[in-house]
Amino acid sequence: MFTPDENIFSDEYPLRENYQPEQIQERDNELKKYRNALQPVINGAPPKNIFLYGKTGVGKTVATNYLLDHLQEDAGEYGIDLTVIKQPCNNISSSYQVAVNLLNQLRGPDSRVSTTGYPQQDVFNMLYDELDELGGTVLIVLDEIDNIGGNDDILYELPRAESNGYVDDVWPGIIGISNDFTFRDQLSPKVKDTLCEEEIHFPPYDANELTSILGDRAEKAFHDGVLNDEVIPLAAAFSAQDSGSARQGLRLLHKAGELARSNEASTVEEKHIRSAQKELERDQLEDGMRELTTQGHLVLCSVSAFEITEVAPVRTQEIYERYQNYADRISADALGERRIRDHLSELSLHGFLTVAERNDGFHGGSYYEYELNVDLGSVLAVLSEISRLEDIPEMLESAADREGLT
DNA sequence: ACTCCACAGGAATTGAGGGGTG
DNA sequence: CACCCCTCAATTCCTGTGGAGT
């Protein structure tokens, strides 16, 4: 029933997200700076705190893994006591949670600590005890640290643990990785001084750099001669234009390969890249829509309704009235208007809605008008999967049919 | 230049829901 | 059980704002 697939891919692994290449390409300057910043560890000095910033998929995490692997090897060789702790901070929204997660990572699975309940300082103290236990130099990598927002206590606490006498035998060093440039400016001044003593900026890749990275991975992943010549430059161009992210480019290649495979094509061509691009874009939007709360869904329903009757763009006030209607229909408590404004701005932030500021001056004042920024069909498709909304999506769908919009 | 509309969005607070210790 | 902690959506209260009308 299952047979190994041998037409397109020789090995899909190099296209996956967690693939760790043996060499890092196109990041020579950044690596050099990074290596210098880590040098004190090998010299037996206290580690520097390092802050990396740059958008997703520009090599921050890969470079960190690469250098720290080598650092650990070399530390072993020179008899230096080094521990590296990696803590991904996606889905972590506060310093408290970061501390708990670090703590649980250090403790065995049998003595883990609940993620709530303790006073913050208690968690920090437990963490200090564990660090003291480790001793030596401890590098703590906090990936996607911008998730903690303005709540940056942990970034203040950890670097000072030693000078404040919370720990005796350990040199903690923080490596913060952030996707968000503005995160650095949001940090409280006391944190900025210490954490940002060494900053390394990773710029987005340009199309040439992406071509070389994608080319290298593709060589490992695809059979010889499977890729048409224009495929890699096109994938590189798409992702350079959009985000400068290697991750996006790799996803694109992978998806295009899968499409070619399922079409039983013998080569991957330009058209596969183009449809892969469309498909990935759509998947991402649809996933985003699914993840909204019921209230968010209701707001989206409301805007869609106006879209169908072609009165969009529509102002907040009218959306709110419609929303109240729908909330009532599914017997949910209708939220206050202020909250709906938050939901609306969240929806526009995700790119589901576009917002335009209008101002009617003396007799109108200023207000926002929203309209759908995504295909009505896919909005309704997603909404109709959500049972909590009962018959609202169906209603909208049949209304759209009547208007001939689907 | 001034006024005034109608809303945007910041700040502080609440309350329910996860959990802790003694 | 009484009392406390963290989190996050939601509420309350409020100040800020851009430009058409005067």
Side-chain angles (χ1 to χ4, degrees), chain A residues 87 89-104 107 109-130 142 144-158 182-183 185-188 288-303 306 311-324 326-328 330-350 352-371 386 388-389:
Chain A
Q87 179 58 58
C89 300
N90 40 353
N91 305 323
I92 290 184
S93 61
S94 69
S95 281
Y96 182 90
Q97 294 298 338
V98 174
V100 174
N101 276 280
L102 280 173
L103 181 58
N104 281 335
R107 294 189 168 192
D110 29 308
S111 53
R112 303 177 85 222
V113 155
S114 156
T115 57
T116 60
Y118 298 103
Q120 175 161 298
Q121 203 54 51
D122 290 12
V123 178
F124 283 142
N125 288 335
M126 290 188 267
L127 185 56
Y128 292 143
D129 289 345
E130 292 298 325
L142 301 173
E144 298 187 42
I145 185 63
D146 42 313
N147 280 315
I148 67 168
N151 188 337
D152 54 12
D153 294 352
I154 187 139
L155 299 179
Y156 180 66
E157 288 272 337
L158 282 177
T182 61
F183 177 65
D185 302 323
Q186 287 168 28
L187 293 172
S188 44
M289 279 192 262
R290 269 186 214 101
E291 281 166 17
L292 297 169
T293 60
T294 303
Q295 301 293 353
H297 287 138
L298 283 174
V299 176
L300 201 53
C301 285
S302 313
V303 181
F306 286 104
V311 287
V314 61
R315 60 198 291 174
T316 315
Q317 205 44 245
E318 295 177 79
I319 296 173
Y320 182 59
E321 281 163 27
R322 180 64 60 105
Y323 155 82
Q324 285 178 305
Y326 286 159
D328 191 48
I330 66 164
S331 0
D333 290 335
L335 303 177
E337 196 186 333
R338 176 69 186 82
R339 193 78 245 287
I340 296 307
R341 283 207 293 274
D342 283 341
H343 276 295
L344 283 169
S345 66
E346 195 184 325
L347 290 173
S348 354
L349 213 65
H350 276 88
F352 306 142
L353 304 180
T354 48
V355 56
E357 193 176 355
R358 302 275 325 268
N359 196 323
D360 290 349
F362 198 85
H363 291 301
S366 61
Y367 54 90
Y368 282 173
E369 281 188 335
Y370 293 91
E371 69 184 312
I386 295 153
R388 185 64 223 279
L389 296 174

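Reckoned from all heavy atoms, side chains included, excluding hydrogens, waters and symmetry mates. Every chain is numbered from 1, with letters handed out A, B, ... down the list of sequences.
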Protein-nucleotide distance ([X], atom [atom1]; [N], atom [atom2]), rounded to Å:
| X | N | atom1 | atom2 | result |
| --- | --- | --- | --- | --- |
| A:I340 | C:dA9 | CD1 | P | 14 Å |
| A:D122 | B:dG20 | CG | C1' | 10 Å |
| A:R338 | B:dA12 | CZ | P | 14 Å |
| A:I92 | C:dC6 | CD1 | P | 17 Å |
| A:R358 | C:dT17 | CZ | C1' | 17 Å |
| A:I154 | C:dC6 | CD1 | C1' | 14 Å |
| A:I148 | C:dT7 | CD1 | C1' | 15 Å |
| A:E291 | C:dA9 | CD | P | 14 Å |

Is there a donor-acceptor contact under 3.5 Å from the side chain of [X] to the main chain of [Y]?
| X | Y | value |
| --- | --- | --- |
| A:Y323 | A:E337 | no |
| A:N104 | A:V113 | yes |
| A:H343 | A:H297 | no |
| A:N101 | A:Q97 | yes |

N or O in side chain of [X] less than 4.0 angstrom from [N] OP1/OP2:
| X | N | answer |
| --- | --- | --- |
| A:Q97 | C:dT7 | yes |
| A:Y118 | C:dC6 | no |
| A:S93 | C:dC8 | yes |
| A:R341 | B:dC7 | no |
| A:H343 | C:dA10 | yes |

For A:S95, the option from A:L155, A:I145, A:N151 that meets side-chain contact (heavy atoms from CB on, under 4.5 Å):
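Single side-chain contact (heavy atoms from CB on, under 4.5 Å) partner of A:S95 among A:L155, A:I145, A:N151: A:N151.
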When all nucleic acid strands are considered with a 4.0 Å heavy-atom cut-off, which category describes A:T115: base, sugar-phosphate, or nothing?
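Since no nucleic acid heavy atom lies under 4.0 Å of A:T115, the category is nothing.
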Which part of the nucleic acid, if any, lies within contact of A:T293, taking any heavy atom under 4.0 Å across all strands shown: a base, the sugar-phosphate backbone alone, or nothing?
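Answer is nothing: A:T293 stays at 4.0 Å or more from every strand.
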Closest to the [X] side chain, choosing from [options]:
| X | options | result |
| --- | --- | --- |
| A:R339 | B:dC7, C:dT11, B:dG19 | C:dT11 |
| A:S114 | B:dG19, C:dC6, C:dG18 | B:dG19 |
| A:S94 | B:dT3, C:dG19, C:dT7 | C:dT7 |

Report all side-chain donor-acceptor pairs from residues 119-127 of chain A shorter than 3.5 Å, counting only partners two or more places apart or in another chain.
| unit_1 | atom_1 | unit_2 | atom_2 | d |
| --- | --- | --- | --- | --- |
| A:Q120 | NE2 | A:D153 | OD2 | 2.7 |
| A:N125 | ND2 | A:Q121 | O | 3.3 |

Heavy-atom check, side chain of A:C89 versus side chain of A:V98, under 4.5 Å
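The answer is yes; the side chains approach within 4.5 Å.
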Between the side-chain atoms of A:N359 and the base atoms of C:dG18, is any donor-acceptor pair under 3.5 Å?
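By the distance-only test, yes, there is a pair.
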Relative to each other, are the rings of A:Y368 and A:Y370 parallel, tilted or perpendicular (30° and 60° limits)?
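Rings of A:Y368 and A:Y370: perpendicular, as their planes differ by over 60°.
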Members of residues 363-371 of chain A that approach DNA chain C, where some heavy atom sits under 4.0 Å away
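Residues of residues 363-371 of chain A under 4.0 Å from DNA chain C: A:H363, A:G365, A:S366.
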